[in-house]
Amino acid sequence: MTWSVLHRLTCVSTRTDTGCIVRRRQQRSDPSTEPAYTIADISKQTGLSYDTIRYYEKIGLLPPIERKHNGQREYSQRHLDRLIFVLRLKRTNMPLKKIKQYLVLTAANQYEACYQLLHQHKCKIESEMAEMQATLDIVAYKLENFMKLMHDSQ
């Protein structure tokens, strides 16, 4: 897939009858037919406060936002998708400065630099996951041990 095609795709998650989450990519809709969101809508869908959304706009993590005739911000699906992506990166402990750097590089079509930045972050995530797995293994061992001790004490 080419880079321009990837930018026109969005990830859609659905839950199956068995509770599994299935992710698939689908073509984004025509921007002229996309719904407009208020800051309240965006806040509700992302869990971010109004102040945080405005801050992310201020520091350039969001594309330019249209305003209605009364001055209210009018967000698009593109803004919502961007915020969800930013939240995913933040959830993996990527600093806002690095997220901003990635977005600037992406806008400048600096694909190699984007790749390097995300690859380094992926390696960091994998390292953190390995540490978490080791901790989880210890906790599981301790729980199993306590189950044996409780069983033996009866």
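The chain is numbered in sequence order, starting from 1.
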Say whether, by atom type as modelled, one donor and one acceptor occur between the side chain of His79 and the main chain of Pro64 under 3.5 angstrom.
yes

Is it true that, when you exclude Lys122 itself, more than 12 heavy atoms of the residues, nucleotides or ligands shown sit nearer than 6.0 Å to its NZ?
no

Run the numbers on Ile42 and Tyr50 for side chain to side chain contact (heavy atoms under 4.5 Å, CB included), then give the verdict.
CA-CA 9 Å; Ile42 295 292; Tyr50 294 7; over 6 Å; no

Polar side-chain atom of Thr52 near backbone of Leu48 as donor-acceptor pair, under 3.5 Å:
no

Output the distance between atom SG (Cys123) and atom CD (Gln120), rounded to the nearest 0.5 Å.
8.0 Å

Between Tyr111 and Val104, is there shared hydrophobic-cluster membership here, with clusters defined by ILVMFWY side-chain heavy atoms closer than 4.5 Å?
no

Run the side chain to side chain contact (heavy atoms under 4.5 Å, CB included) test on Met150 and Met147 for me, step by step, so that the C-alpha distance in whole Å, both residues' side-chain angles and the decisive distance to 0.1 Å come before the verdict.
CA-CA 5 Å; Met150 290 186 308; Met147 287 296 287; 3.4 Å; yes

Measuring from Tyr75:OH to Asp81:CG, what's the distance to the nearest 0.5 Å?
14.5 Å

So which of Leu80, Leu83, Ile84 actually passes side-chain contact (heavy atoms from CB on, under 4.5 Å) with Gln45?
Leu80

Taking everything shown except Glu112 itself, do over 12 heavy atoms lie less than 6.0 Å from its CD?
no

Test your reading of the model: is there a side-chain donor-acceptor pair from Thr106 to the backbone of Tyr102, 3.5 Å cut-off?
yes

If I compare all heavy atoms of Leu118 with all of Met94, which pair ends up nearest, and what's the gap?
CD2-CE, 4.4 Å

Lys90 and Leu96 have their tightest heavy-atom pair at CD-CD2, 3.6 Å

Would you mind listing the cluster partners of Val139? Hydrophobic ones only (ILVMFWY), side-chain contacts under 4.5 Å, chaining allowed.
Leu143

Non-neighbouring partners of Ile138 that pass side-chain contact (heavy atoms from CB on, under 4.5 Å), sequence neighbours left out
Lys142

Is there a donor-acceptor contact under 3.5 Å from the side chain of Asp41 to the main chain of Thr38?
yes

In Å, rounded to the nearest 0.5 Å, how long is the span from CG of Leu105 to NZ of Lys98?
9.5 Å

Residues that Lys100 engages under salt bridge (charged side-chain N to carboxylate O under 4.0 Å, His left out), provided they are two or more places apart:
none

Closest heavy-atom pair and its distance - Ser49, Ser43:
CA-OG, 4.3 Å

Over 12 foreign heavy atoms within 6.0 Å of CD, Glu66:
no

Atom CG of Leu149 and atom NE2 of His151: how far apart are they, to the nearest 0.5 Å?
12.0 Å

Of all the heavy-atom pairs spanning Thr92 and Leu89, show the shortest one and how long it is.
OG1-O, 2.7 Å

Report the C-alpha separation of Arg82 and Leu103 in whole Å, then their side-chain angles, then the decisive distance to 0.1 Å, and conclude whether the side chain to side chain contact (heavy atoms under 4.5 Å, CB included) test is met.
CA-CA 10 Å; Arg82 172 73 63 88; Leu103 295 172; 3.7 Å; yes

Under the salt bridge (Lys or Arg N to Asp or Glu O under 4.0 Å) definition, can you give me all pairs with a residue in residues 42-64, not counting sequence neighbours?
Asp51-Arg54, Glu57-Arg73

Criterion side chain to side chain contact (heavy atoms under 4.5 Å, CB included) on Ile99 and Phe85, from CA distance to verdict
CA-CA 10 Å; Ile99 296 171; Phe85 180 66; 5.9 Å; no

Is Ile39 close to Gln72 at the side-chain level, that is, under 4.5 Å between some pair of heavy atoms?
no

Got a second to check how far Arg67's CZ is from Glu74's CD, nearest 0.5 Å?
11.5 Å

Residue list, ring pair (Phe, Tyr, Trp, His ring centres under 6.0 Å) with His119, at least two apart or on another chain
Tyr115

Please write out which residues are connected to Met129 in a hydrophobic cluster, directly or through intermediates, given that two of Ile, Leu, Val, Met, Phe, Trp, Tyr count as joined at side-chain heavy-atom separations below 4.5 angstrom.
Ile125

